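Written out below as structure tokens is the structure these notes cover.
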Amino acid sequence: MKTLIEFINDTQSDFPYATGEFTRVLNDLTIAAKIVNREINKAGLADINGYFGETNVQGEDQKKLDVFANNHFIAALKHGGMVCAIASEENEGLITYDNAYSQKGKYVVTMDPLDGSSNIEVNVPIGTIFSIYRRVSESGPGTLTDVLQPGNKQVAAGYIIYGSSTMLVYTTGNGVNGFTYDPSVGLFILSHPNMKIPENGCIYSINEANYIYFHKGVKEYIAYCQEDDPSTDRPYTTRYIGSLVADFHRNLIRGGIYIYPGTFKNPVGKLRLLYECNPIAYLAEQAGGIASDGFRRILDIKPTELHQRVPFFVGSTNMVLKAQELMKVHSAKEVGIVTE
Ligand code: AHM
Ligand code: MG
């Protein structure tokens, strides 16, 4: 059995960024993840324990779990002192620090502290998604330029899935490895070494309720998935949890495609580039898959805003390529995507 810390130590020489500081960032993220995991497991007790916006017996306000998660990830990273700025889904602006110690941090983190949080009350898997970048500014508090880097500059990315078991899946640009949390000893144990997404898959994941708003290319891809062709295992099967981490995790293991496309109503879709699509895209590529907005590689998009949204097609290489081929019935411009 190899623990996460042993694994990081063993693989330090494999990648250039694994200084003690970088390891500390990863470690800080796992500390927060353990606390969030403990809290999520108690979510079913919400009503009797007075969570979610109630006041507890000490007179403290009980935060919603997504706020709770956000606070704990920010606190852990701040305490670690290796990160000079954080961009979080829960915060409109960039989070920076006043103290000189944290301002020295070489890294910036973008994160969605609790993705799919609308699924908490129904016991469906949810997740934390994160990216780590090297800062580009020289000194002082982190800046927007530090976090508005294209995904191809990520030093590491990963997610924690709080599911039937809790797992950390991450990459530092040298493949993808998965660690299952053993709560009895409080350790993440390497359980899924060198994860690879099958080149072909049979699962497509998309919220088909939005079908009437989809562009022709997306509709044609759905029709393709539903055609009868036993030689290519079609019709495929549809699975959609509505938790990106959980949908991606399943497709990573079994093979499949996840799509959150742009629509007539929302040309840029729903998912956020910095802390949802970029980290998942990096993991997908590192596992042998691909990720695009239907036209371009996600990791090459130059972000202009913290909470920028982007259409998202990610998963098994041949499935995403097929979807991209069918998307060509329209140009990117025609479906409202600005490519410069
Ligand atoms: P959130 O960040 O508000 O939780 O939204 C992101 C989630 C993804 O996890 C999920 O894949 C998607 O939104 C589901 O959206 P929809 O309900 O429109 O299908
Ligand atoms: Mg989210």
Side-chain angles (χ1 to χ4, degrees), residues 29 32-33 36 40 43 52 63-74 86-92 95 109-131 147 151 157-163 167 169 203-215 218 221-222 238-252 256-284 291-294 298 303 305-315 320 323:
L29 289 168
V36 170
I40 287 170
F52 305 122
K63 303 289 186 194
K64 287 189 172 172
L65 271 179
D66 41 11
V67 178
F68 179 91
N70 193 40
N71 290 344
H72 277 276
F73 277 98
I74 292 170
I86 303 168
S88 166
E89 180 180 334
E90 296 291 333
N91 295 72
E92 208 180 320
I95 300 157
V109 167
T110 65
M111 65 173 181
D112 184 349
L114 213 53
D115 185 64
S117 49
S118 60
N119 282 320
I120 295 169
E121 67 201 80
V122 288
N123 243 334
V124 164
I126 46 186
T128 298
I129 317 175
F130 63 89
S131 282
V147 291
Y159 57 78
I160 297 116
I161 177 168
Y162 311 97
M167 274 186 78
V169 175
I203 298 172
Y204 71 103
S205 312
I206 185 168
N207 187 345
E208 264 183 84
N210 296 324
Y211 188 86
I212 52 163
Y213 306 117
F214 289 160
H215 298 292
V218 179
Y221 183 67
I222 292 173
T238 182
R239 293 282 181 272
Y240 189 74
I241 296 172
S243 243
L244 171 64
V245 171
D247 278 309
F248 176 74
H249 186 72
R250 181 203 51 241
N251 292 356
L252 170 63
I257 184 171
Y258 172 97
I259 305 175
Y260 209 108
T263 62
F264 292 115
K265 281 170 86 180
N266 297 312
V268 287
K270 174 182 183 187
L271 300 183
R272 269 59 58 106
L273 177 61
L274 256 60
Y275 41 79
E276 291 176 325
C277 301
N278 268 338
I280 298 292
Y282 191 28
L283 287 162
S292 88
D293 67 356
I298 288 288
E305 290 166 37
L306 273 190
H307 300 287
Q308 187 170 339
R309 295 175 196 267
V310 71
F312 199 37
F313 297 67
V314 64
V320 179

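Just so it is clear, the model here is predicted, and its values are computed rather than measured. For ligands, and for the atoms within them, numbers begin at 1 and follow the listed sequence.
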For this session: Please determine if Asn207 has a nitrogen or oxygen closer than 3.5 Å to a nitrogen or oxygen of ligand 1.
Result: yes
For this session: Would you check the N or O atoms of Tyr240, main chain and side chain alike, for any that come under 3.5 Å of an N or O of ligand 1?
Result: yes
Problem set entry | Proximal candidate to atom 3 (O) of ligand 1 [heavy atom criterion; set Glu90, Glu89, Glu276] | Glu89
Exercise. Which option out of Ile241, Leu271, Asp115, Asp66 puts a heavy atom nearest to atom 1 (P) of ligand 1?
Worked result: Asp115
Counting distance only, does the side-chain N/O of [X] pair as donor-acceptor with the main-chain N or O of [Y] below 3.5 Å?
X	Y	result
Thr128	Pro113	yes
His307	Glu92	yes
Ser131	Tyr275	no

Write down the atom of [X], the atom of [Y], and the distance for their closest heavy-atom approach.
X	Y	value
Arg239	Asp247	O-OD1, 3.7 Å
Arg309	Gly269	CD-O, 3.6 Å
Ala157	Leu283	O-CD2, 3.8 Å

Protein residue, atom and distance nearest to [atom], heavy-atom basis:
atom	answer
atom 11 (O) of ligand 1	Tyr258 OH, 2.6 Å
atom 4 (O) of ligand 1	Gly116 N, 2.8 Å
atom 15 (O) of ligand 1	Lys270 NZ, 2.9 Å
atom 10 (C) of ligand 1	Gly242 O, 3.3 Å
atom 18 (O) of ligand 1	Tyr260 OH, 2.6 Å

Problem set entry | Polar contact flag, side-chain donor to acceptor under 3.5 angstrom, Asn278-Thr110 | no
For this session: Hey, could you give me the CD1/CD1 distance between Ile206 and Ile259, rounded to the nearest 0.5 Å?
Result: 4.5 Å
Any idea which atoms of ligand 1 are less than 4.0 Å away from a heavy-atom of [X]?
X	answer
Leu244	8 (C), 9 (O), 10 (C), 11 (O)
Asp112	2 (O)
Ser243	9 (O), 11 (O)

Exercise. Which protein atoms of type N, O or S are found under 2.8 Å from the Mg ion (ligand 2)?
Worked result: Glu89 OE1, Asp112 OD2, Asp115 OD1, Glu276 OE2
Problem set entry | pair Asn70-Glu89: side-chain heavy atoms closer than 4.5 Å | no
Problem set entry | Minimum side-chain heavy-atom gap Val218-Ile222 below 4.5 Å | yes
For this session: Report the part of Leu114 in contact with ligand 1, treating N, CA, C, O as backbone and CB onward as side chain, heavy atoms under 4.0 Å; options are side chain, backbone, both, neither.
Result: neither
For this session: Classify the ring geometry between Tyr159 and His249 as parallel (under 30°), tilted (30 to 60°) or perpendicular (over 60°).
Result: perpendicular
Problem set entry | Asn207 CG: over 12 foreign heavy atoms closer than 6.0 Å | yes
